[in-house]
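Have a look at the structure below before the remarks.
Sequence positions, counted from 1, serve as the residue numbers for this chain.
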Amino acid sequence: MKKRGKKGQITLFLLISVLILLLVMVILFLFFRKGEIEGEGEVKDKTQIVYDSQEIELVKYVQACLNPISLRALEIVRLQGGYIDPPTGVPTIDVVDQTHFHYVTEENGMKVVRQDLTGTQKNTVPYWITPDNQVIIPKVDEEIKRYIEENIIDCVGDFAPFRERGFTPTVGTPTATVTLGEQVLIELNFPIRMSRSDIDYTTEDFFLKIPINWDLLQDMAMTIVVNEILFNFLEKNTVEVISRYASVDENSLPPLSGSRQDCDEVTWEKPEVKEDLKELIEVNWHHLHINNTRFYRQIRTDPIDQGFYDSFILPIWDKQAPLLMVDFKYNPEWDFDFDIFPSQGNTIKPHYTRSSNPIIGAFCHVEYEFYYDVRYPTLVKINDLESASINWNSNLFFPYDGYEFWFPIDTYVCGNNKRKCVDVEWVETDMDAAGAILPPTYFCEMWNRKSKNQTILIKDKYSGLPVEKASIDYRCGNNMDLCYMGTTNSSGMMMEEFPQCDNGEIIVTKTRYMSNYHTHSISPTTGEQTIELDLEPYKPINVSILLYGVKGYAYQIHNTSNHGTPNYDPSLFARPFDRETAMLRFSDDVEYSAMLLYPENITVNLSSATYITHIMITGNITAVPYTIQFRGTTETFIDTINGTGGSGVFTGEYLVYSETDRIENIPDLTDIQNMTFHLLPDYFALSSLTARDVHDSQFNSDKDISVEILEKYNVIGVLPTTPATLICDNMNVTYWEVSGRIFEEYDKDLVYDCINVTDMDIPYATWNQWFGTTYE
């Protein structure tokens, strides 16, 4: 009985075991079948990857319009003194482009550039300083921005190539941002959505950078304009030319002053003098140059001749610019207003006195003192030989071929006076563009200077040494009441009586220093005061950039929370620049901006201030087709970066990281030499990437990180199922990977490969505290 009972008990246990095994197999079969069905659905979802090729094709389609339009705009503003459409009511001159023979014309309502090798086609160029003493500086970035926005829609048309493939485009409003710095950066936000029954995607950001150093061109142009306003150097040199070639000789110009005692007077004819003077201005304007730039200095053995030619070298540029050429030009075809007195009709005659004395006989005194009225345009041509030239025909630019920009200035001598006759006042029409330096108003007249002497002492913030030649202005209310007070001496001091103003502002400026503003009231009872102010120099700061892999960061955070990893160390997944190039732009949104191309340049001049920073990183990448495995089958998906099909291999420059309007609060730089940007890009510029690396972003629209953490565990056994089931050791990870959530290609393989998937979200506020800028 016992034995039989034991057999029955064993049989019962066997039966129960078989039932349990069958139940487990049914559950596993249903689970595997469900995963298989889901896997099939996911494979079908993979067809959506095709949208990448369409999107990149759309980017190339729009870029093929943005590039030529932007280059054309830069060439038009070059040829037209900074304007796409010259303003009405502003005097202009006609200029032939003698370098490339380009000219601007209008075709089908759009400004375009053409070439005429005959040299007869001219460009209309508005004055920057006009004959009625207005200073009008174009806003070049706004001109280019408007041109791009007005023409990009017509260029892209109705997206016919995409409509032919069944897409319906939905187009937003294009908005261009033009940054004119050490390079020209064009950014276009142009939302475009393409919809079809099987595909729906949107793209909106396009960009182009051209190596034209607009900062240098603009800086030189404004230096010339301001010095002409303040010191009238063109008029001064005009009078110098008259004086050099004038004498009491009918073959010379009438002299500015002189007398003779003989009774044979010398006379001249106005038309002849006018033509002689035009020729002399044309010839001698070739000798006008700016110091510290590229030019040929005239060498003469005669010290008087040498002094004359050296007087044409203007000492107004305090930087070294060996590849910057500045030329001044007058063309006899342009207007030349001329008069001279005393004269009778067209005859120029001196003031003649004749007397008779019985002892010495006839006595004559002839005064040769003449007053010239001369007005003509001077064309300023600035050519940066390191910048790129633009080929109008091929829509290409050629680095280091030279970008020559020009603008005219009215040159006016009235009665031998520089730029004024009796009372000619300046009219400022574009304060932001022309800068803060203005000619004095009645506010600055001596009768309004009510105070006793105010002593201003300026010293360098870092060294404590006196700052020489710091310019000091006093502003009351608005810029029209801006009075130039003077400059500091070698002791950093300026002493002057100030105009009356309640809550006026002392403005201290000097090249390579951040301006200082100090509130200071002046009343009739204000006594002598001493005001000490610091000027902070723009200090050269060494910049470095470290890139941190977002995948490594996410997995390390995952380990910290799930596997008890004790320490978080960002340096474990940091990588210095290898195949990348960065463009960093700093702007204090008031008066200063600086641009850095890294790692070609590693130093930027900054001060302790708050900057708006724009960072854009591009890298050389090779993107290849990528594969996924499913149930032992390998599928290859064609890389879609360039959308060309075929092998799908793309090699070239690609945007790796971009951040606009990042706020940098630069601390006190007294003891700081270096700043390091710690950045978290979606991916590095590596020698080999795939489309998933490029397009499967780990960041969402709120800058939060959203990823899949994939972990592969050690296999410790196999269940006898069909197919076999692996038994995994969940405590021993041998492989990991991180991806975004666009493709989700791993879910179908989990049971077979001992892979565990964890969805992970890291808020922007959490991860951003580890990345920013450090100083040392």
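- Minimum interatomic distance between E149 and T175 (heavy atoms only, all atoms of both residues): OE2-CA, 3.4 Å.
- Identified under the side chain to side chain donor-acceptor pair (under 3.5 Å) test for residues 154-163, with sequence neighbours left out: none.
- Residue-environment remark: CZ (R579) exceeds the threshold of 12 foreign heavy atoms within 6.0 Å.
- Under the 4.0 Å criterion applied to side-chain N and carboxylate O atoms, K145 and E142 are not assigned as salt-bridge partners.
- Here the closest non-hydrogen pair linking Y657 and L680 is CE1-O, 3.8 Å.
- Proximity of L217 to W214: side-chain heavy atoms (C-beta onward) are separated by under 4.5 Å at one or more points.
- Separation of the W767 and F699 ring centroids falls under the 6.0 Å cut-off.
- When the side chain to side chain donor-acceptor pair (under 3.5 Å) test is applied to D219, the partners found at least two apart in sequence or on another chain are K319.
- In this structure, I612 and I663 have side chains that are in contact, with non-hydrogen atoms separated by less than 4.5 Å.
- The side-chain contact (heavy atoms from CB on, under 4.5 Å) test with I192 singles out one residue from T170, V156, V62, and that residue is V62.
- In this structure, the side chain of E386 does not engage the main chain of P399 through any donor-acceptor pair within 3.5 Å.
- Side-chain contact of N189 with D205: a donor-acceptor pair under 3.5 Å is present, judged by distance alone.
- Of the inter-residue distances, the one linking F397 atom CZ with E75 atom CD reads 13.5 Å to the nearest 0.5 angstrom.
- Across V113 and H102, no two heavy atoms sit closer than the pair CG1-CB, 3.9 Å.
- In this structure, the side chains of M616 and K209 stay at 4.5 Å or more apart for every pair of heavy atoms.
- Counting heavy atoms from C-beta on, the side chains of K122 and I93 never come closer than 4.5 Å.
- Looking at heavy atoms from C-beta onward, D759 lies in side-chain contact with E708 at the 4.5 angstrom threshold.
- Using a 4.5 Å heavy-atom threshold, the side chains of T99 and N383 count as separate.
- To the nearest 0.5 Å, atoms CG (L686) and CD (E580) are separated by 7.5 Å.
- M222 has its side chain within reach of I137: a pair of non-hydrogen atoms, C-beta onward, lies under 4.5 Å apart.
- In summary, of the residues considered (V95, V104, D94), a side-chain contact (heavy atoms from CB on, under 4.5 Å) with T124 occurs for D94 alone.
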Decide ring pair (Phe, Tyr, Trp, His ring centres under 6.0 Å) for Y548 and Y553; before the verdict, give the C-alpha distance in whole Å, the side-chain angles of both, and the deciding distance to 0.1 Å.
CA-CA 8 Å; Y548 295 80; Y553 167 73; 9.1 Å; no
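- Residue pairs meeting the ring pair (Phe, Tyr, Trp, His ring centres under 6.0 Å) criterion with at least one member in residues 61-99, sequence neighbours excluded, are Y61-F159, Y61-F162.
- I76 places none of its side-chain heavy atoms less than 4.5 Å from the side chain of E143.
- Residues R78 and W406 share a closest heavy-atom pair of O-NE1, 3.5 Å.
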